[in-house]
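A note on names: the letters A, B, ... follow the listed sequences, proteins ahead of strands, and every chain is numbered from 1.
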Protein chains: 2
Amino acid sequence: MVSTRERIVGASSALFMERGYAGSGLKQIAQASGAPIGSLYHHFPGGKGELAAETLRASGRAYQSLVEAIFDAAPDLVTGVEWCFDGAAETLRTTDFADACPIATVALEVASSDESLREVTAEIFEGWLRALTARMAAGGINPEPARELATMLVASLEGGFLLCRAAKDTAPMAAIGAAMVELVRGALPSNQH
Amino acid sequence: MVSTRERIVGASSALFMERGYAGSGLKQIAQASGAPIGSLYHHFPGGKGELAAETLRASGRAYQSLVEAIFDAAPDLVTGVEWCFDGAAETLRTTDFADACPIATVALEVASSDESLREVTAEIFEGWLRALTARMAAGGINPEPARELATMLVASLEGGFLLCRAAKDTAPMAAIGAAMVELVRGALPSNQH
DNA sequence: GTCTATAGCTTGATAGAC
DNA sequence: GTCTATCAAGCTATAGAC
(Lines give C-alpha, C1' and ligand atoms only; values in the text may rest on other atoms or scores of the structure.)
Protein backbone atom coordinates (compact mmCIF):
# COMPACT_ATOMS: atom_id res chain seq x y z
CA MET A 1 0.00 0.00 0.00
CA VAL A 2 1.49 3.30 -1.10
CA SER A 3 0.03 6.49 0.36
CA THR A 4 -0.71 9.57 -1.69
CA ARG A 5 2.02 11.34 0.22
CA GLU A 6 4.59 8.69 -0.74
CA ARG A 7 3.54 8.81 -4.37
CA ILE A 8 4.01 12.58 -4.38
CA VAL A 9 7.51 12.28 -2.91
CA GLY A 10 8.39 9.52 -5.37
CA ALA A 11 7.24 11.52 -8.38
CA SER A 12 9.06 14.56 -7.05
CA SER A 13 12.29 12.60 -6.63
CA ALA A 14 12.16 11.24 -10.18
CA LEU A 15 11.46 14.66 -11.68
CA PHE A 16 14.17 16.37 -9.63
CA MET A 17 16.66 13.78 -10.89
CA GLU A 18 15.71 14.31 -14.52
CA ARG A 19 14.94 18.04 -14.69
CA GLY A 20 16.14 19.60 -11.45
CA TYR A 21 14.29 21.71 -8.91
CA ALA A 22 13.43 24.86 -10.87
CA GLY A 23 12.63 22.77 -13.93
CA SER A 24 10.03 20.63 -12.19
CA GLY A 25 6.65 22.29 -11.74
CA LEU A 26 4.26 21.42 -8.95
CA LYS A 27 1.52 20.69 -11.46
CA GLN A 28 3.89 18.31 -13.23
CA ILE A 29 4.70 16.57 -9.95
CA ALA A 30 1.01 16.35 -9.04
CA GLN A 31 0.15 14.88 -12.42
CA ALA A 32 2.99 12.34 -12.30
CA SER A 33 1.88 11.20 -8.86
CA GLY A 34 -1.77 10.96 -9.85
CA ALA A 35 -2.85 13.47 -7.21
CA PRO A 36 -4.51 16.85 -7.75
CA ILE A 37 -2.59 19.96 -6.79
CA GLY A 38 -4.78 20.49 -3.74
CA SER A 39 -3.58 17.22 -2.20
CA LEU A 40 -0.03 18.35 -2.62
CA TYR A 41 -0.66 21.47 -0.55
CA HIS A 42 -2.62 19.43 1.97
CA HIS A 43 0.38 17.17 2.62
CA PHE A 44 3.00 19.90 2.23
CA PRO A 45 1.52 23.18 3.47
CA GLY A 46 4.94 24.80 3.10
CA GLY A 47 4.68 24.41 -0.66
CA LYS A 48 7.48 23.54 -3.06
CA GLY A 49 10.30 24.15 -0.57
CA GLU A 50 8.87 21.79 2.01
CA LEU A 51 8.20 19.12 -0.59
CA ALA A 52 11.77 19.46 -1.90
CA ALA A 53 13.27 19.17 1.59
CA GLU A 54 11.29 16.00 2.30
CA THR A 55 12.07 14.57 -1.14
CA LEU A 56 15.80 15.19 -0.74
CA ARG A 57 15.87 13.63 2.74
CA ALA A 58 13.95 10.53 1.61
CA SER A 59 16.15 10.05 -1.48
CA GLY A 60 19.28 10.68 0.54
CA ARG A 61 18.33 8.01 3.07
CA ALA A 62 17.50 5.52 0.33
CA TYR A 63 20.81 6.06 -1.44
CA GLN A 64 22.76 5.77 1.78
CA SER A 65 21.06 2.45 2.58
CA LEU A 66 21.81 1.19 -0.91
CA VAL A 67 25.52 1.98 -0.68
CA GLU A 68 25.76 0.59 2.84
CA ALA A 69 24.13 -2.63 1.66
CA ILE A 70 26.65 -2.94 -1.17
CA PHE A 71 29.61 -2.57 1.19
CA ASP A 72 28.10 -4.92 3.75
CA ALA A 73 27.52 -7.59 1.10
CA ALA A 74 31.00 -7.30 -0.41
CA PRO A 75 33.72 -9.74 0.77
CA ASP A 76 36.22 -6.91 1.25
CA LEU A 77 36.60 -3.14 0.94
CA VAL A 78 38.12 -3.08 -2.54
CA THR A 79 35.37 -5.30 -3.90
CA GLY A 80 32.78 -3.01 -2.29
CA VAL A 81 34.26 -0.01 -4.10
CA GLU A 82 34.26 -1.93 -7.37
CA TRP A 83 30.61 -2.92 -6.92
CA CYS A 84 29.62 0.70 -6.25
CA PHE A 85 30.97 1.94 -9.56
CA ASP A 86 29.79 -1.12 -11.49
CA GLY A 87 26.32 -0.68 -10.04
CA ALA A 88 26.25 3.03 -10.87
CA ALA A 89 27.25 2.33 -14.47
CA GLU A 90 24.67 -0.44 -14.76
CA THR A 91 21.89 1.79 -13.43
CA LEU A 92 22.82 4.57 -15.84
CA ARG A 93 22.76 2.15 -18.75
CA THR A 94 19.41 0.57 -17.91
CA THR A 95 17.64 3.90 -17.33
CA ASP A 96 19.00 5.67 -20.43
CA PHE A 97 21.17 7.85 -18.16
CA ALA A 98 18.21 9.32 -16.29
CA ASP A 99 18.64 7.64 -12.91
CA ALA A 100 21.75 9.04 -11.26
CA CYS A 101 22.15 11.06 -8.04
CA PRO A 102 18.86 12.40 -6.62
CA ILE A 103 20.65 15.17 -4.72
CA ALA A 104 23.38 16.60 -6.96
CA THR A 105 21.32 18.58 -9.48
CA VAL A 106 19.18 20.22 -6.81
CA ALA A 107 22.21 20.80 -4.55
CA LEU A 108 23.99 22.78 -7.28
CA GLU A 109 20.83 24.75 -8.09
CA VAL A 110 20.10 25.82 -4.52
CA ALA A 111 23.66 26.18 -3.15
CA SER A 112 23.73 29.94 -3.71
CA SER A 113 20.03 30.75 -3.88
CA ASP A 114 18.12 28.85 -1.18
CA GLU A 115 19.87 28.65 2.16
CA SER A 116 17.47 26.28 3.89
CA LEU A 117 17.54 23.74 1.06
CA ARG A 118 21.33 24.09 0.85
CA GLU A 119 21.52 23.04 4.50
CA VAL A 120 19.41 19.98 3.77
CA THR A 121 21.77 18.89 0.98
CA ALA A 122 24.79 19.52 3.23
CA GLU A 123 23.34 17.26 5.92
CA ILE A 124 22.68 14.49 3.42
CA PHE A 125 26.22 14.55 2.01
CA GLU A 126 27.64 14.65 5.54
CA GLY A 127 25.61 11.54 6.40
CA TRP A 128 27.00 9.75 3.34
CA LEU A 129 30.55 10.73 4.24
CA ARG A 130 30.14 9.49 7.82
CA ALA A 131 28.72 6.16 6.68
CA LEU A 132 31.46 5.66 4.09
CA THR A 133 34.21 6.73 6.47
CA ALA A 134 33.00 4.06 8.88
CA ARG A 135 33.03 1.43 6.10
CA MET A 136 36.55 2.46 5.09
CA ALA A 137 37.74 2.11 8.67
CA ALA A 138 35.94 -1.22 9.04
CA GLY A 139 37.66 -2.37 5.86
CA GLY A 140 41.11 -1.76 7.30
CA ILE A 141 41.89 1.83 6.34
CA ASN A 142 43.51 3.95 9.05
CA PRO A 143 41.20 6.52 10.70
CA GLU A 144 42.95 9.54 9.24
CA PRO A 145 42.89 8.68 5.52
CA ALA A 146 39.46 7.01 5.85
CA ARG A 147 37.58 10.31 5.71
CA GLU A 148 39.73 11.52 2.82
CA LEU A 149 39.04 8.37 0.82
CA ALA A 150 35.32 8.54 1.59
CA THR A 151 35.26 12.14 0.34
CA MET A 152 37.09 11.14 -2.81
CA LEU A 153 34.68 8.28 -3.38
CA VAL A 154 31.57 10.46 -3.16
CA ALA A 155 33.14 13.24 -5.23
CA SER A 156 34.37 10.96 -7.99
CA LEU A 157 31.06 9.08 -8.10
CA GLU A 158 29.19 12.40 -8.44
CA GLY A 159 31.63 13.61 -11.07
CA GLY A 160 31.23 10.28 -12.82
CA PHE A 161 27.44 10.67 -12.94
CA LEU A 162 27.92 14.12 -14.44
CA LEU A 163 30.37 13.03 -17.16
CA CYS A 164 28.41 9.88 -18.01
CA ARG A 165 25.05 11.64 -18.26
CA ALA A 166 26.52 14.41 -20.43
CA ALA A 167 28.26 11.95 -22.75
CA LYS A 168 25.54 9.27 -22.59
CA ASP A 169 28.40 6.82 -22.10
CA THR A 170 29.51 4.78 -19.08
CA ALA A 171 33.21 4.85 -20.02
CA PRO A 172 34.01 7.68 -17.57
CA MET A 173 32.51 5.69 -14.68
CA ALA A 174 34.66 2.68 -15.53
CA ALA A 175 37.83 4.80 -15.60
CA ILE A 176 36.95 6.50 -12.34
CA GLY A 177 36.09 3.23 -10.62
CA ALA A 178 39.44 1.76 -11.64
CA ALA A 179 41.29 4.80 -10.31
CA MET A 180 39.33 4.73 -7.07
CA VAL A 181 40.08 1.03 -6.56
CA GLU A 182 43.79 1.69 -6.99
CA LEU A 183 43.63 4.53 -4.50
CA VAL A 184 41.89 2.41 -1.85
CA ARG A 185 44.21 -0.52 -2.46
CA GLY A 186 47.22 1.73 -1.97
CA ALA A 187 45.85 3.04 1.32
CA LEU A 188 45.47 -0.37 2.91
CA PRO A 189 48.15 -0.78 5.61
CA SER A 190 49.14 -4.16 4.15
CA ASN A 191 50.63 -2.27 1.22
CA GLN A 192 54.14 -0.87 0.98
CA HIS A 193 54.67 2.85 0.37
CA MET B 1 35.44 47.71 -24.86
CA VAL B 2 32.82 45.09 -24.04
CA SER B 3 30.01 44.56 -26.51
CA THR B 4 26.38 44.17 -25.52
CA ARG B 5 26.53 40.63 -26.76
CA GLU B 6 29.52 39.84 -24.51
CA ARG B 7 27.81 41.40 -21.50
CA ILE B 8 24.73 39.26 -22.12
CA VAL B 9 26.82 36.09 -22.29
CA GLY B 10 28.74 37.10 -19.16
CA ALA B 11 25.58 37.77 -17.15
CA SER B 12 24.11 34.53 -18.42
CA SER B 13 27.18 32.56 -17.36
CA ALA B 14 27.14 34.02 -13.85
CA LEU B 15 23.42 33.34 -13.39
CA PHE B 16 23.66 29.80 -14.76
CA MET B 17 26.45 29.12 -12.24
CA GLU B 18 24.44 30.43 -9.32
CA ARG B 19 20.87 29.37 -10.16
CA GLY B 20 21.09 26.97 -13.08
CA TYR B 21 19.36 27.06 -16.46
CA ALA B 22 15.69 26.73 -15.55
CA GLY B 23 16.16 29.01 -12.55
CA SER B 24 17.56 31.90 -14.57
CA GLY B 25 14.95 33.96 -16.41
CA LEU B 26 15.70 35.85 -19.60
CA LYS B 27 14.44 39.04 -17.99
CA GLN B 28 16.86 38.46 -15.12
CA ILE B 29 19.73 37.92 -17.55
CA ALA B 30 18.79 41.01 -19.55
CA GLN B 31 18.61 43.12 -16.41
CA ALA B 32 21.94 41.83 -15.07
CA SER B 33 23.63 42.60 -18.38
CA GLY B 34 22.10 46.08 -18.58
CA ALA B 35 20.39 45.30 -21.88
CA PRO B 36 16.66 45.25 -22.62
CA ILE B 37 15.05 41.96 -23.52
CA GLY B 38 14.73 43.02 -27.15
CA SER B 39 18.51 43.20 -27.53
CA LEU B 40 18.77 39.70 -26.23
CA TYR B 41 16.53 38.38 -28.98
CA HIS B 42 18.35 40.50 -31.54
CA HIS B 43 21.67 38.83 -30.70
CA PHE B 44 20.21 35.38 -30.05
CA PRO B 45 17.19 34.87 -32.33
CA GLY B 46 17.01 31.26 -31.20
CA GLY B 47 15.99 32.41 -27.71
CA LYS B 48 17.05 30.88 -24.45
CA GLY B 49 18.44 27.68 -25.93
CA GLU B 50 20.75 29.48 -28.32
CA LEU B 51 21.94 31.84 -25.58
CA ALA B 52 22.62 28.88 -23.30
CA ALA B 53 24.59 27.02 -25.96
CA GLU B 54 26.77 30.05 -26.63
CA THR B 55 27.19 30.74 -22.91
CA LEU B 56 28.24 27.16 -22.21
CA ARG B 57 30.73 27.13 -25.07
CA ALA B 58 32.29 30.45 -24.04
CA SER B 59 32.56 29.42 -20.37
CA GLY B 60 33.89 26.02 -21.34
CA ARG B 61 36.65 27.58 -23.46
CA ALA B 62 37.57 30.03 -20.69
CA TYR B 63 37.82 27.27 -18.10
CA GLN B 64 39.89 25.09 -20.38
CA SER B 65 42.33 27.95 -21.02
CA LEU B 66 42.57 28.59 -17.29
CA VAL B 67 43.42 24.99 -16.46
CA GLU B 68 45.86 24.72 -19.37
CA ALA B 69 47.61 27.88 -18.17
CA ILE B 70 47.95 26.42 -14.67
CA PHE B 71 49.56 23.23 -15.98
CA ASP B 72 51.82 25.12 -18.37
CA ALA B 73 53.03 27.40 -15.56
CA ALA B 74 53.65 24.58 -13.07
CA PRO B 75 57.19 23.15 -12.81
CA ASP B 76 55.92 19.59 -13.01
CA LEU B 77 52.71 17.55 -13.36
CA VAL B 78 52.12 16.90 -9.66
CA THR B 79 52.52 20.59 -8.85
CA GLY B 80 50.06 21.42 -11.63
CA VAL B 81 47.46 19.11 -10.09
CA GLU B 82 48.06 20.67 -6.67
CA TRP B 83 47.60 24.17 -8.08
CA CYS B 84 44.33 23.19 -9.76
CA PHE B 85 42.71 22.12 -6.51
CA ASP B 86 44.27 24.95 -4.49
CA GLY B 87 42.99 27.44 -7.04
CA ALA B 88 39.51 25.93 -7.04
CA ALA B 89 39.33 26.11 -3.23
CA GLU B 90 40.61 29.69 -3.25
CA THR B 91 38.02 30.78 -5.83
CA LEU B 92 35.23 29.15 -3.85
CA ARG B 93 36.35 30.93 -0.68
CA THR B 94 36.66 34.38 -2.24
CA THR B 95 33.28 34.21 -4.02
CA ASP B 96 31.30 32.84 -1.08
CA PHE B 97 31.01 29.49 -2.90
CA ALA B 98 29.17 30.99 -5.87
CA ASP B 99 31.89 30.70 -8.52
CA ALA B 100 32.44 27.04 -9.31
CA CYS B 101 31.88 25.12 -12.56
CA PRO B 102 29.91 27.02 -15.23
CA ILE B 103 28.85 23.80 -16.96
CA ALA B 104 27.95 21.24 -14.29
CA THR B 105 24.62 22.61 -13.02
CA VAL B 106 23.24 23.14 -16.52
CA ALA B 107 24.67 19.81 -17.72
CA LEU B 108 22.77 17.90 -15.04
CA GLU B 109 19.56 19.84 -15.70
CA VAL B 110 19.53 19.25 -19.46
CA ALA B 111 21.06 15.75 -19.64
CA SER B 112 17.66 14.05 -19.86
CA SER B 113 15.46 16.90 -21.04
CA ASP B 114 17.22 18.89 -23.78
CA GLU B 115 19.17 16.80 -26.27
CA SER B 116 20.82 19.64 -28.18
CA LEU B 117 22.14 21.32 -25.02
CA ARG B 118 23.26 17.93 -23.68
CA GLU B 119 25.41 17.52 -26.77
CA VAL B 120 26.98 20.92 -26.16
CA THR B 121 27.95 19.96 -22.60
CA ALA B 122 29.31 16.62 -23.84
CA GLU B 123 31.56 18.39 -26.34
CA ILE B 124 32.87 20.76 -23.68
CA PHE B 125 33.75 17.95 -21.26
CA GLU B 126 35.37 15.99 -24.07
CA GLY B 127 37.53 19.02 -24.89
CA TRP B 128 38.62 19.27 -21.26
CA LEU B 129 39.46 15.57 -21.15
CA ARG B 130 41.52 15.79 -24.34
CA ALA B 131 43.48 18.81 -23.07
CA LEU B 132 44.15 17.19 -19.69
CA THR B 133 45.07 13.85 -21.22
CA ALA B 134 47.69 15.68 -23.31
CA ARG B 135 49.05 17.43 -20.21
CA MET B 136 49.23 14.13 -18.34
CA ALA B 137 51.16 12.56 -21.19
CA ALA B 138 53.44 15.60 -21.45
CA GLY B 139 54.06 15.30 -17.71
CA GLY B 140 55.38 11.78 -18.04
CA ILE B 141 52.29 9.59 -17.65
CA ASN B 142 51.99 6.67 -20.04
CA PRO B 143 49.40 7.11 -22.80
CA GLU B 144 47.02 4.48 -21.51
CA PRO B 145 46.51 5.67 -17.92
CA ALA B 146 46.70 9.34 -19.00
CA ARG B 147 43.06 9.45 -20.15
CA GLU B 148 41.94 7.59 -17.01
CA LEU B 149 43.72 10.07 -14.76
CA ALA B 150 42.36 13.04 -16.71
CA THR B 151 38.83 11.65 -16.30
CA MET B 152 39.40 11.17 -12.59
CA LEU B 153 40.72 14.72 -12.27
CA VAL B 154 37.69 16.31 -13.91
CA ALA B 155 35.24 14.07 -12.05
CA SER B 156 36.80 14.65 -8.63
CA LEU B 157 37.08 18.39 -9.25
CA GLU B 158 33.38 18.51 -10.19
CA GLY B 159 32.44 16.38 -7.20
CA GLY B 160 34.58 18.63 -5.05
CA PHE B 161 32.72 21.73 -6.26
CA LEU B 162 29.45 20.00 -5.40
CA LEU B 163 30.46 18.94 -1.88
CA CYS B 164 32.12 22.28 -1.08
CA ARG B 165 29.22 24.40 -2.29
CA ALA B 166 26.70 22.28 -0.38
CA ALA B 167 28.76 22.40 2.83
CA LYS B 168 30.06 25.96 2.32
CA ASP B 169 33.44 24.55 3.28
CA THR B 170 36.60 23.94 1.26
CA ALA B 171 37.70 20.91 3.32
CA PRO B 172 36.38 18.41 0.75
CA MET B 173 38.42 20.05 -2.01
CA ALA B 174 41.59 19.78 0.08
CA ALA B 175 40.98 16.08 0.75
CA ILE B 176 40.23 15.38 -2.91
CA GLY B 177 43.28 17.32 -4.09
CA ALA B 178 45.52 15.32 -1.79
CA ALA B 179 44.07 12.04 -3.02
CA MET B 180 44.41 13.11 -6.65
CA VAL B 181 48.05 14.10 -6.12
CA GLU B 182 48.80 10.69 -4.67
CA LEU B 183 47.11 8.99 -7.60
CA VAL B 184 49.12 10.95 -10.18
CA ARG B 185 52.37 10.46 -8.28
CA GLY B 186 51.76 6.71 -8.19
CA ALA B 187 51.16 6.62 -11.93
CA LEU B 188 54.49 8.22 -12.86
CA PRO B 189 56.78 5.59 -14.39
CA SER B 190 59.60 6.62 -12.06
CA ASN B 191 57.61 5.07 -9.21
CA GLN B 192 57.74 1.42 -8.14
CA HIS B 193 54.58 -0.69 -8.14
C1' DG C 1 20.86 47.85 -33.30
C1' DT C 2 18.17 49.61 -29.20
C1' DC C 3 14.25 49.62 -26.63
C1' DT C 4 9.05 49.29 -25.04
C1' DA C 5 4.91 46.99 -24.79
C1' DT C 6 2.48 43.08 -24.70
C1' DA C 7 0.71 38.49 -26.13
C1' DG C 8 0.15 33.77 -24.58
C1' DC C 9 1.31 30.54 -21.41
C1' DT C 10 2.90 28.41 -17.05
C1' DT C 11 4.21 28.96 -12.44
C1' DG C 12 3.41 28.66 -7.19
C1' DA C 13 -0.17 29.31 -4.20
C1' DT C 14 -5.08 29.88 -2.26
C1' DA C 15 -10.20 29.40 -1.47
C1' DG C 16 -13.79 26.69 -0.85
C1' DA C 17 -17.11 22.87 -2.31
C1' DC C 18 -17.58 18.12 -1.28
C1' DG D 1 -8.58 14.29 2.89
C1' DT D 2 -9.82 15.02 -2.08
C1' DC D 3 -10.52 17.83 -5.76
C1' DT D 4 -11.72 22.13 -8.86
C1' DA D 5 -11.39 26.78 -9.99
C1' DT D 6 -8.91 30.63 -9.92
C1' DC D 7 -5.47 34.40 -8.79
C1' DA D 8 -1.37 37.20 -9.29
C1' DA D 9 3.14 36.88 -10.92
C1' DG D 10 6.45 34.94 -13.54
C1' DC D 11 8.02 33.02 -17.88
C1' DT D 12 9.48 32.91 -23.17
C1' DA D 13 8.77 35.06 -27.21
C1' DT D 14 7.13 38.59 -30.59
C1' DA D 15 5.77 43.07 -32.81
C1' DG D 16 6.96 47.31 -34.02
C1' DA D 17 8.46 52.28 -32.96
C1' DC D 18 12.70 54.68 -33.03
Hey, what's the ring geometry for F16(A) with Y21(A), parallel, tilted or perpendicular (30° and 60° as the breaks)? perpendicular
At under 4.0 Å, does any side-chain N or O of T4(A) touch on OP1 or OP2 of dT2(D)? yes
According to a strict under-4.0 Å criterion, is H42(A) in side-chain N/O contact with OP1 or OP2 of dC3(D)? no
Give the minimum heavy-atom separation between S24(A) and K48(A), together with the two atoms involved. O-NZ, 3.0 Å
On a heavy-atom basis, which atom in V67(B) and which in C84(B) lie closest, and how many Å separate them? CG1-SG, 4.1 Å
Whole-Å distance separating the CG atom of L15(B) from the C1' atom of dC11(D): 15 Å
For Q31(A), does the CD atom have more than 12 heavy-atom neighbours from other residues, nucleotides or ligands under 6.0 Å away? no
Using whole Å, what does the distance between atom P of nucleotide dT2(C) and atom CZ of R5(B) come to? 11 Å
Quick check on the hydrophobic clustering: are F71(B) and L188(B) connected, directly or via other members, by side-chain heavy-atom contacts under 4.5 Å? yes
N or O in side chain of S39(A) less than 4.0 angstrom from dT2(D) OP1/OP2: yes
Integer-rounded Å distance: dG10(D) C1' and Q31(B) CD: 14 Å
In 5'-to-3' order, the base (B), backbone-only (S) or no-contact (-) status of each nucleotide in nucleotides 9-14 of chain C, using a 4.0 angstrom heavy-atom cut-off, is --BBBB
Does atom CD (E115(A)) have a neighbourhood of more than 12 heavy atoms from anything else shown, all under 6.0 Å? yes
